[in-house]
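Following: one structure in structure tokens, then a few remarks.
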Amino acid sequence: MGDSSPLLRPVLCVVGARPNYMKMAPLMRALTATGRVPPVVLVHTGQHYDLEMNDRIFVDLQLAAPDVNLGVGSGTHAAQTAEIMARFEPVMDAYRPSCVVVVGDVNSTFACSLVASKKQTPIVHVEAGLRSFDRTMPEEINRVLTDQIADLLYITERSAHANLLREGIAEERIHFAGNLMIDSLRLHLPRAVSPTQTLSEAGFAESFIRHAHGFGVVTLHRPANVDEPDALAALLSTLRELSRMLPLVCPLHPRTRDNIERFGLAAVVDGAGIALLPPQGYLQMLGLMGAATVVLTDSGGIQEETTALGVPCLTLREYTERPITIEQGTNTLVGHDRDRILQLVEQILLDGGKRGRVPELWDGHAAGRIADHLAVWLEHNRLKAMA
Ligand code: UD1
């Protein structure tokens, strides 16, 4: 598989979990389209593996099946990270890539970066430099450590530049390229599935969302929100109150679904105006978010997608690593504050809520910019290696 000629050594692109796919799909297409980079190989760690969390989204994004699947599955953070590393190392040995491209901040991102760094293979981190400054978040540790060992760091917003400089990253490694997530959003929005179809496929009547105020969309999966019985119970009871004002559509992450069951909290949401759905495909989520009156979430990507769509977003966290969605977009941080959540939703129902604008370079062309820049960088490395 590997070739000793630096020209032919492939670019290894790594994905592991759902939010990675929307970023990698446009990038892989753009890399191939340049005709100026070595072959692109897709490695899936298998961190996410369910049909709904994985396969369906690959199809929606028209992402080709991975060339390699490490099949690691779930585990504690340490076990999962260690397993990814152990299984990724022989893949590195087999392909001897010219670089490893990682996206975002999931365990797979850091695990594969660390292996690449031990093999002295250049690491390209896309969506670098975002910081929540909350080190209790596993993703924050993944971001800080990946950025420390990355050779090339593409950023989505200018705040990331300052964060990276503060952490001692050399300026010439940092490139402002825009947001790949928004490339996918713009490309696929015309194919979004209507909310009524999504609801009816999940067994809910169309009338569920035919409400004077429309409907809200809720997603919850952060450990801080769903792994603690008291925190989850409080959030669900706020949602129950909210659902008296407007119906809520809530696609459930498996972690959240299991915890609602495990903590005996199903009764809190039963019979309320809340439609609990299985995890949805990408086109279904675009349709739901695009038509929502408000989105409540603890996801990172959804804060960006709602800003791009101009839909008000209430983020159920104390901090965000994506401050531009607050400064320029439609996002507001609400933590767990029940009164603030109810009051802000009331305001949104009255006047549509916070207006925003789409941030700089979130224009649907980030992948092309990264691919062009990376092609030149790889060629430069190749010439250096041959000199
Ligand atoms: C991971 C990422 C998080 C990202 C999220 C998107 C880390 C540290 N976290 O969190 O940043 O926002 O993905 O979903 O990498 N499970 C399934 N089927 C699957 C995958 C997971 O049932 O296909 C269940 C398992 O019970 C598993 C749990 O979800 O234990 C958590 O999965 P895991 O990959 O550890 O983290 P996420 O919470 O999904």
Side-chain angles (χ1 to χ4, degrees), residues 14-24 44-61 66 69-85 87-88 102-114 125-128 130-132 134-146 181 184 218-228 231-232 250-263 276-282 284-285 295 297-306 313 315-317 319-322 325:
V14 174
V15 293
R18 190 166 60 171
N20 295 159
Y21 315 151
M22 302 77 172
K23 297 161 200 164
M24 199 53 93
H44 195 316
T45 64
Q47 179 176 342
H48 281 178
Y49 45 84
D50 274 1
L51 194 70
E52 289 154 333
M53 298 288 284
N54 186 67
D55 307 30
R56 188 164 164 190
I57 300 181
F58 261 67
V59 173
D60 289 347
L61 291 164
N69 194 321
L70 305 179
V72 295
S74 302
T76 63
H77 286 281
Q80 189 178 58
T81 305
E83 196 59 37
I84 296 168
M85 289 181 67
R87 296 192 191 193
F88 187 56
V102 294
V103 292
D105 55 18
V106 303
N107 286 342
S108 302
T109 307
F110 174 58
C112 293
S113 298
L114 188 51
H125 186 203
V126 181
E127 198 189 88
L130 297 178
R131 297 289 180 269
S132 65
D134 173 8
R135 293 221 170 173
T136 64
M137 282 179 78
E139 294 81 3
E140 183 75 352
I141 303 302
N142 292 335
R143 291 182 200 115
V144 170
L145 298 180
T146 302
M181 194 86 168
S184 278
V218 183
T219 81
L220 281 177
H221 75 284
R222 294 267 156 225
N225 283 339
V226 306
D227 283 0
E228 248 295 308
L232 183 56
C250 186
L252 279 185
H253 187 287
R255 175 200 281 278
T256 313
R257 179 200 58 211
D258 294 349
N259 287 349
I260 290 177
E261 190 95 338
R262 197 154 59 95
F263 305 150
L276 298 179
L277 269 49
Q280 291 298 305
Y282 183 60
Q284 283 77 8
M285 278 307 290
V295 173
T297 191
D298 58 10
S299 146
I302 290 177
Q303 295 173 56
E304 296 183 338
E305 289 167 333
T306 45
C313 177
T315 294
L316 303 162
R317 286 165 46 180
Y319 313 94
T320 180
E321 63 287 343
R322 292 157 159 94
T325 61

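As the structure lists them, so they are numbered: ligands from 1, and atoms in each ligand from 1.
Of all protein heavy atoms, the one lying nearest to atom 26 (O) of ligand 1 is Asp258 OD2, 4.3 Å. Distance from atom 32 (O) of ligand 1 to its nearest protein heavy atom, with residue and atom name: His48 NE2, 4.3 Å. Scanning the protein heavy atoms around atom 8 (C) of ligand 1, the nearest turns out to be Asn107 OD1, 3.2 Å. Nearest to atom 2 (C) of ligand 1 among the protein's heavy atoms is Val106 CG1, 3.7 Å. Scanning the protein heavy atoms around atom 22 (O) of ligand 1, the nearest turns out to be Pro254 CB, 3.2 Å. Atom 34 (O) of ligand 1 has as its closest protein heavy atom Gln47 NE2, 3.2 Å. Among all protein heavy atoms, the one lying closest to atom 29 (O) of ligand 1 is His253 CE1, 3.5 Å. The protein atom (non-hydrogen) at minimum distance from atom 16 (N) of ligand 1 is Tyr49 OH, 3.6 Å.
Listed by atom number, the atoms of ligand 1 under 4.0 Å from Arg255 heavy atoms are 31 (C), 36 (O), 38 (O). Those atoms of ligand 1 that come under 4.0 Å of a heavy atom in Glu139, given as number and element, are 2 (C), 3 (C), 9 (N), 11 (O). Within the listing of ligand 1, atoms 14 (O), 19 (C), 23 (O) sit less than 4.0 angstrom from a heavy atom of Met53.
In terms of heavy atoms, Ser108 sits closest to Gly16 at OG-CA, 3.5 Å. Taking both residues in full, the closest heavy atoms of Ser132 and Met137 are given as OG-SD, 3.5 Å, listed atom of the first, atom of the second, then distance. Scanning both residues, Met85 and Ala111, for their nearest heavy atoms gives CG-O, 3.5 Å.
Residue contacts with ligand 1: Glu52 is excluded, as none of its non-hydrogen atoms falls under 4.0 Å.
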- prompt: Can you list the steps and then say if Ser184 with Tyr282 is a side chain to side chain donor-acceptor pair (under 3.5 Å)?
  reply: CA-CA 10 Å; Ser184 278; Tyr282 183 60; 4.6 Å; no
query: Step by step, would you call Tyr21 with Asn54 a side chain to side chain donor-acceptor pair (under 3.5 Å)?
result: CA-CA 9 Å; Tyr21 315 151; Asn54 186 67; 2.6 Å; yes
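Comparing His77, Gln80, His221 by heavy-atom distance to atom 35 (O) of ligand 1, the nearest is Gln80. Residue Ser74 holds the heavy atom nearest to atom 27 (C) of ligand 1 of all those in Ser74, Gly75, Ser108.
The pair Arg135-Glu139 does not meet the salt-bridge criterion, since no charged nitrogen lies less than 4.0 angstrom from a carboxylate oxygen. The existence of a salt bridge linking Arg143 and Asp105 is confirmed by a sub-4.0 Å separation between a basic side-chain nitrogen and an acidic carboxylate oxygen. Between Arg255 and Asp227 a salt bridge is recorded (basic side-chain N to carboxylate O distance below 4.0 Å).
From Thr146, atom OG1 reaches atom CG of Leu114 across 8.5 Å, with rounding to the nearest 0.5 Å.
At least one N or O atom of Asp50 sits closer than 3.5 Å to an N or O atom of ligand 1.
Between Phe58 and His44, the angle of the ring planes stays under 30°, which puts this pair in the parallel group of the 30/60° scheme.
Only side-chain heavy atoms of Pro19 come within less than 4.0 Å of ligand 1; its backbone N, CA, C and O stay farther off. At a heavy-atom cutoff of 4.0 Å, ligand 1 is contacted by the side chain of Arg222 but not by its backbone.
Here the side chains of Met181 and Glu127 are not in contact, with every heavy-atom distance at 4.5 Å or above.
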